[in-house]
Every structure is written in C-alpha cells, then in structure tokens.
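What follows is a short report on a single structure.
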2 protein chains.
Amino acid sequence: MGDMDHALPHPEPDEIRIEAVLQALADPVRLTIVRALAESETGIACGCIELPISKSTRTHHIRTLREAGVVWVRAEGTSRISTLRREDLDKLYPGLLDGVLSARR
Amino acid sequence: MGDMDHALPHPEPDEIRIEAVLQALADPVRLTIVRALAESETGIACGCIELPISKSTRTHHIRTLREAGVVWVRAEGTSRISTLRREDLDKLYPGLLDGVLSARR
DNA sequence: CCCATCGTACGATATCCGTCGTAGTTCGAT
DNA sequence: ATCGAACTACGACGGATATCGTACGATGGG
C-alpha cells in the first residue's frame with residue numbers, strides 16, 4: 001500500500017469568501033448539517049446525520065461546505081469527520097455564525 | 001393626485017426565513033446593494049448604485065432582497081427607495097448582518 | 001398634453017446547482 | 001485475501017436563477 005497523502009483541500013482563512021460562505025449556508029440540507037455540527041465539539045461523521053438524501057448528494061453538500069471554508073473534514077478510518085470552523089468564521093465574520101444558528105427552525 | 005398606496009409586498013418578521021435571507025445575501029450584486037444601503041440611514045434609490053447590470057436585472061435583485069425580508073422598498077415619485085431592514089434582521093438573527101458587513105471586500 | 005425618466009412585466013436564454021444511480025476506492029475486520 | 005461499510009467520482013437530468021431586451025406603466029416637468 002502506497003502511503004497516500006489524501007488530505008482534503010481546505011481554503012486558508014484569507015481565501016474564504018463571504019459569498020461562498022453565505023451560498024453554502026443558504027441550502028436547507030447544509031444548514032441542517034451545520035446545526036448538527038454546532039452541537040458537537042468533537043465533530044461527527046457525515047453519515048450519522050439523518051438526512052432525506054442519497055449518499056452522493058451528502059458527499060456533494062459536505063464538499064460544498066468544506067470548499068467554502070465552513071467545515072473541517074478529516075479522515076478517520078473509513079469515515080469522514082466534520083467539524084465547524086468556528087474560530088475562523090468568528091474571526092472573519094464576527095456574529096454571522098451565531099446569528100445563523102439563532103434562527104428559529 | 002390619486003391614491004398613493006401601491007405598497008409593495010414585504011414579508012412580516014415571522015415570515016422571514018433564514019434560508020431566503022442567506023440566499024439573498026449570497027449574490028455578489030445583491031451584496032453590493034446591501035453594502036451601499038448599510039451606509040445610508042435614509043435609504044437610496046436602486047438606480048443610484050453603480051452596477052454593471054441592466055435595469056431589469058436590477059429590478060430582479062431588489063425584488064429578491066425585498067421578498068427575502070432584507071430590505072424595505074417604498075415608492076417616492078418615480079423612484080423606489082430601498083432601506084435595510086436592520087431592526088428586523090438584528091432581532092431575528094443577532095450578529096448576522098454585522099458579520100456579513102464586516103467581511104473584507 | 002407631451003414626453004423624458006424611472007421602474008416593472010414578460011419572455012428568452014444560458015448557466016448553475018441539487019439530486020440521483022452506478023461504479024470505483026479505501027479501510028478495517030474476518 | 002476477501003468482504004462489507006463508508007465515502008468519492010462521474011455523468012445525467014430537471015429545476016432554479018442571473019442575465020438580457022423589449023414593451024409597458026406611472027410620475028412629474030415643460
């Protein structure tokens with residue numbers, strides 16, 4: 001087995017664009033994911049969140065969130081553990097995340 | 001001098017959905033409009049903002065912002081004056097608007 | 001009244017995006 | 001080594017949307 005550097009690409013804080021973040025948060029499914037992540041300090045596997053969508057769509061949404069700079073994704077066994085990029089987002093856009101999370105469902 | 005009450009429909013605060021607000025803010029053109037509105041207390045006419053788009057596209061974006069609950073639009077002569085719905089947004093999603101407006105351009 | 005100005009309405013178009021199924025990869029367990 | 005589970009890659013498809021031009025409506029000044 002070759003040792004594969006399969007680290008997923010994440011944007012640096014200075015590469016994060018507000019339009020992409022807002023676009024990422026604007027989707028109902030992704031908002032559900034972000035809300036779930038907000039309640040977990042350690043991060044959770046994408047597959048654990050109950051969502052009325054297929055596996056591949058799930059992958060698509062997680063990638064969208066990752067590429068926008070909203071979540072970290074790390075490999076752990078065969079799972080991908082996602083966590084909110086709270087610190088980066090709070091620093092870049094203070095109040096934004098809390099404002100979004102405070103919305104009634 | 002006829003009846004001046006041709007009010008445009010605006011959502012009530014309890015009708016405003018976070019997904020619609022985020023979607024509205026996620027567009028570069030609309031974000032430019034919101035930034036311009038944020039710098040004016042009295043509101044400004046849509047047509048005054050320099051934008052690389054046509055008249056009809058402008059109308060489309062203003063309507064999107066209005067229907068999402070992001071702006072008030074009132075008629076004034078032949079113009080439409082837009083203002084940010086700061087109070088409503090701050091109450092519904094405290095920090096969100098400030099967070100968005102704090103983003104580097 | 002005429003008309004220029006500002007905005008809206010409507011239809012057309014191209015692109016984006018959320019969704020899916022299928023096939024393939026990686027990893028841990030048997 | 002083989003298998004199943006978790007996830008990704010890719011292509012396809014349909015609906016949403018950003019854009020435009022043109023036509024129309026309303027307003028206020030000559």
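Note on naming: letters A, B, ... go to the chains in the order of the sequence lines (proteins, then strands), and numbering restarts at 1 for each one. Excluded from the calculations below are hydrogen atoms, water molecules and symmetry mates; all remaining heavy atoms, backbone and side chain alike, are included.
Distance from the side chain of B:Thr78 is smallest to C:dT5 among D:dC7, C:dG7, C:dT5.
With hydrogens and angles ignored, the 3.5 Å screen pairs no side-chain donor or acceptor of B:His10 with any backbone N or O of B:Gly69. A side-chain donor-acceptor contact under 3.5 Å links A:Ser102 to the backbone of A:Gly99.
Proximity of B:Ser82 to B:Ile62: side-chain heavy atoms (C-beta onward) are separated by under 4.5 Å at one or more points. Side-chain contact check for A:Pro9 versus A:Arg66: some heavy-atom pair is nearer than 4.5 Å. Annotation: side chain of B:Leu65 is in contact with side chain of B:Val34 (closest heavy-atom distance under 4.5 Å). With contacts defined as side-chain heavy-atom distances shorter than 4.5 Å, the pair B:Leu84/B:Leu97 qualifies. Taking the side chain as every heavy atom from C-beta outward, B:Trp72 and B:Asp88 approach each other to under 4.5 Å.
When all heavy atoms of A:Arg86 and A:Leu101 are compared, the closest pair comes out as NH2-CD1, 3.9 Å.
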List the atom pairs, donor and acceptor, that lie under 3.5 Å between side-chain atoms in residues 41-53 of chain B and the rest of the protein, sequence neighbours left out.
none

Name every donor-acceptor pair, under 3.5 Å, that has one atom in a side chain of residues 13-28 of chain A and the other anywhere in the protein, sequence neighbours excluded.
unit_1: A:Glu15; atom_1: OE1; unit_2: A:Glu12; atom_2: N; d: 2.7
unit_1: A:Asp27; atom_1: OD2; unit_2: A:Val29; atom_2: N; d: 2.9
unit_1: A:Asp27; atom_1: OD2; unit_2: A:Arg30; atom_2: N; d: 3.2

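The CD1-P distance, from B:Ile81 to D:dT27, rounds to 15 Å in whole Å. When the C1' atom of C:dG18 is taken as reference, atom CG of A:Leu25 falls 16 Å away, rounded to whole Å. Rounded to whole Å, the distance from CG on B:Leu8 to P on C:dC6 is 18 Å. The nearest whole Å value for the distance from the CD atom in B:Glu67 to the P atom in D:dT17 is 11 Å. One can place CD of A:Glu19 at 13 Å from P of D:dA18, the figure rounded to the nearest angstrom. When the C1' atom of D:dA26 is taken as reference, atom CD of B:Glu76 falls 15 Å away, rounded to whole Å. The interatomic distance linking B:Arg66 (CZ) with C:dA9 (C1') rounds to 13 Å, in whole Å.
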Which atom pairs link the protein and nucleotides 11-14 of chain D when you take only N or O atoms and keep those under 3.5 Å?
none

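Between the axis at the start and the axis at the end of the helix from C:dC1-D:dG30 to C:dT30-D:dA1 there is an angle of 20°, using five pairs per end and rounding to 10 degrees.
Remark: nothing in residues 27-36 of chain B comes within less than 4.0 Å of DNA chain C through any heavy atom. Non-hydrogen atoms lying under 4.0 Å from DNA chain D are contributed by A:Lys55, A:Ser56, A:Thr59, A:Arg63, all within residues 53-63 of chain A.
DNA chain C is contacted by both A:Gly77 and A:Gln23; A:Gln23 maps to the nucleotide lying nearer its 5′ end (nearest heavy atom per residue).
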request  = Apply side-chain contact (heavy atoms from CB on, under 4.5 Å) to the pair A:Leu96 and A:Leu89, showing each step before the final yes or no.
outcome  = CA-CA 8 Å; A:Leu96 188 152; A:Leu89 293 175; over 6 Å; no
task = Might you work through the salt bridge (charged side-chain N to carboxylate O under 4.0 Å, His left out) test for A:Arg74 and A:Glu76, ending with a clear yes or no?
result = CA-CA 6 Å; A:Arg74 68 176 191 275; A:Glu76 197 144 312; 3.1 Å; yes
message = As a quick check of understanding, evaluate side-chain contact (heavy atoms from CB on, under 4.5 Å) for A:His61 and A:Ile33, giving each step before the final call.
response = CA-CA 9 Å; A:His61 285 306; A:Ile33 296 174; 4.2 Å; yes
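Of the inter-residue distances, the one linking B:Glu67 atom CD with B:Leu8 atom CG reads 9.5 Å to the nearest 0.5 angstrom.
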